[in-house]
Amino acid sequence: ELLRDDFISAAKRAQKAGFDGVEIHGAHGYMICQFLSSRTNSRTDIYGGSFKNRIRILLEIIQGIRISCGDNFLLGLRLSPERFGLKLQEIKSLCELLIDDGALDFLDMSLWDSFKLPNELDYRDKDLLSHFADLDRGLLKLTVAGKIMTSEDVCKVLDAGVDFVTIGRAGILHYDYPDRVINESDFKPVKLPVSREYLAAQALSPKFISYMDNWDGFVED
């Protein structure tokens, strides 16, 4: 209950501070992801075991935020579709359930690589992106992240039926990335690694630059 209520309280604080919405982080092996995974969730109560039980805490968090913050508060969810002990079909089933539920405004699928095939051999009839872009989403918006770097990459993702793209490294490398992509059809980001001086010129703080030192091949030695 404390974990669930902490997520809900954080959303309420964000709303009070003036934010238009929040995104629940259920990906990358963090706490919610650990509940979703049959490999890491070893609980024997109503929050462990079956798929229905492993998704329970997430559904309670979503419902709690929606009730506490109202229908006009944007609510999204980031999920990993594989790795971390997750199974692709379970995550697709979860997405379909969330679509039918109607409490979310958008899904953010962290694909790691938006152009790869699924890790599970049984689902390689199409690329990982299409497994989610092909879902009948109704009013729910879909965004994806993962190695979207060039203008061509952005177009490929949007042409697949995704509503908007989520960027990480490209936005770090170019503070004006959206404008560059819109105005330059052949835009490609600067090659890695880059200098600390370059990152400072992109408005990264010294602490952020130190953090980026932990990313292999990103900052020059």
Side-chain angles (χ1 to χ4, degrees), residues 1-15 19 21-69 73-114 116-124 128-129 131-132 135 137 140-148 166-169 211-212 214-216:
E1 291 184 2
L2 178 60
L3 174 66
R4 177 196 63 208
D5 292 346
D6 282 347
F7 271 92
I8 297 169
S9 295
K12 290 168 65 176
R13 289 196 300 272
Q15 185 180 43
F19 286 90
V22 296
E23 179 180 85
I24 302 166
H25 201 332
H28 301 172
Y30 294 121
M31 182 62 73
I32 292 176
C33 185
Q34 292 176 34
F35 271 88
L36 298 178
S37 170
S38 59
R39 187 181 73 189
T40 55
N41 186 339
S42 58
R43 297 175 71 105
T44 58
D45 58 11
I46 61 171
Y47 295 101
S50 68
F51 170 69
K52 180 179 179 181
N53 283 353
R54 284 183 277 117
I55 67 173
R56 187 185 303 273
I57 187 68
L58 173 59
L59 300 184
E60 290 181 354
I61 290 169
I62 292 172
Q63 181 184 45
I65 293 175
R66 182 55 75 205
I67 292 173
S68 297
C69 297
F73 190 66
L74 286 172
L75 183 56
L77 169 66
R78 168 164 272 204
L79 291 172
S80 294
E82 54 186 15
R83 306 171 78 226
F84 314 106
L86 300 170
K87 297 178 181 178
L88 178 57
Q89 188 53 54
E90 285 194 346
I91 297 302
K92 288 181 66 175
S93 296
L94 172 59
C95 291
E96 290 170 342
L97 188 155
L98 293 170
I99 291 168
D100 291 340
D101 178 67
L104 289 178
D105 294 299
F106 68 92
L107 275 173
D108 175 3
M109 299 307 305
S110 182
L111 305 180
W112 207 258
D113 181 344
S114 298
K116 69 185 289 292
L117 290 172
N119 289 343
E120 296 177 63
L121 297 179
D122 291 343
Y123 297 100
R124 289 191 166 185
L128 188 60
L129 169 63
H131 275 279
F132 296 94
L135 292 174
R137 304 190 301 274
L140 186 72
K141 302 300 182 184
L142 173 68
T143 182
V144 301
K147 295 187 177 180
I148 302 170
T166 297
I167 57 170
R169 297 187 184 212
Y211 168 72
M212 295 309 301
N214 298 317
W215 293 37
D216 290 338

Under 3.5 Å: donor-acceptor pair, side chain of Thr166, backbone of Ala145
no

Hey, does Cys33 have a side-chain heavy atom less than 4.5 Å from the side chain of Leu86?
yes

Could you tell me whether a side-chain N or O of Glu23 sits under 3.5 Å from a main-chain N or O of Gly76, the two making a donor and an acceptor?
no

Provide the full list of ring pair (Phe, Tyr, Trp, His ring centres under 6.0 Å) pairs with a residue in residues 32-68, sequence neighbours left out, each pair given once.
none

Going by side chain to side chain contact (heavy atoms under 4.5 Å, CB included), name the residues that satisfy it together with Ser50, two or more places apart in sequence or in a different chain.
Lys52, Asn53

Contact between Leu79 and Ile32 at the side-chain level, heavy atoms closer than 4.5 Å - yes or no?
no

Just jot down the side chain to side chain donor-acceptor pair (under 3.5 Å) partners of Ser80, sequence neighbours excluded, or say none.
none

Beyond-backbone contact of Trp215 with Arg169, side-chain heavy atoms, under 4.5 angstrom
yes

Excluding sequence neighbours, so at least two apart, what forms salt bridge (Lys or Arg N to Asp or Glu O under 4.0 Å) with Glu82?
Lys116

Contacts of Lys12 meeting salt bridge (Lys or Arg N to Asp or Glu O under 4.0 Å) (sequence neighbours excluded), chain-then-number -> none

Shortest non-hydrogen contact from Lys147 to Trp112?
CG-O, 3.6 Å

Could you go step by step and tell me if Leu128 and Leu117 meet the side chain to side chain contact (heavy atoms under 4.5 Å, CB included) rule?
CA-CA 5 Å; Leu128 188 60; Leu117 290 172; over 6 Å; no

So does Pro118 get a backbone contact from the side chain of His131, meaning a donor-acceptor N/O pair under 3.5 Å?
no

Please give me the minimum heavy-atom distance between Leu77 and Leu98, naming the atom from each residue.
CD2-CD1, 3.5 Å

Side-chain donor or acceptor of Gln15 paired with backbone N/O of Cys69 under 3.5 Å:
yes

Would you compute the distance between atom CZ of Phe132 and atom NZ of Lys92 and round it to the nearest 0.5 angstrom?
7.0 Å

Sequence-distant partners of Ile99, side chain to side chain contact (heavy atoms under 4.5 Å, CB included), two or more places apart:
Leu135, Arg137, Leu140

Determine, step by step, whether Ile62 and Leu104 satisfy the side chain to side chain contact (heavy atoms under 4.5 Å, CB included) criterion, reporting the C-alpha distance in whole Å, the side-chain angles of both residues, the deciding distance to 0.1 Å, and the verdict.
CA-CA 8 Å; Ile62 292 172; Leu104 289 178; 4.1 Å; yes

For a 4.5 angstrom cut-off between non-hydrogen side-chain atoms, does Val22 reach Leu75?
yes

Going by heavy atoms in the side chains, are Lys141 and Asp105 under 4.5 Å from each other?
no

Can you name the ring pair (Phe, Tyr, Trp, His ring centres under 6.0 Å) partners of His25, sequence neighbours left out?
His28, Tyr30

How would you list, by chain and number, every residue that makes a ring pair (Phe, Tyr, Trp, His ring centres under 6.0 Å) with Phe19, sequence neighbours excluded?
none

Heavy-atom check, side chain of Leu36 versus side chain of Ile57, under 4.5 Å:
no

Under 3.5 Å: donor-acceptor pair, side chain of Glu120, backbone of Leu88:
yes

Any pair with a residue in residues 95-104 that passes side-chain hydrogen bond (donor to acceptor under 3.5 Å, both in side chains), sequence neighbours left out, goes on the list, sorted by first then second residue, please.
none

Please identify each residue that fulfils side chain to side chain donor-acceptor pair (under 3.5 Å) with Asp108, with sequence neighbours left out.
Arg78

Over all atoms of both residues, closest heavy-atom pair of Ile61 and Ile8
O-CG1, 4.0 Å

Between Phe73 and Arg66 the two heavy atoms that sit nearest each other are O-NH1, 2.6 Å

Is there side-chain contact between Met109 and Leu142, with at least one heavy-atom pair below 4.5 Å?
yes

If you define the side chain from C-beta out and look only at heavy atoms, does anything of Ser37 sit under 4.5 Å from Phe84?
no

Contacts of type side chain to side chain donor-acceptor pair (under 3.5 Å), residue Asp45, not counting sequence neighbours:
Arg43

Enumerate the salt bridge (Lys or Arg N to Asp or Glu O under 4.0 Å) contacts for residues 54-63, please, sequence neighbours excluded, ordered by first and then second residue.
Arg4-Glu60, Arg54-Glu90

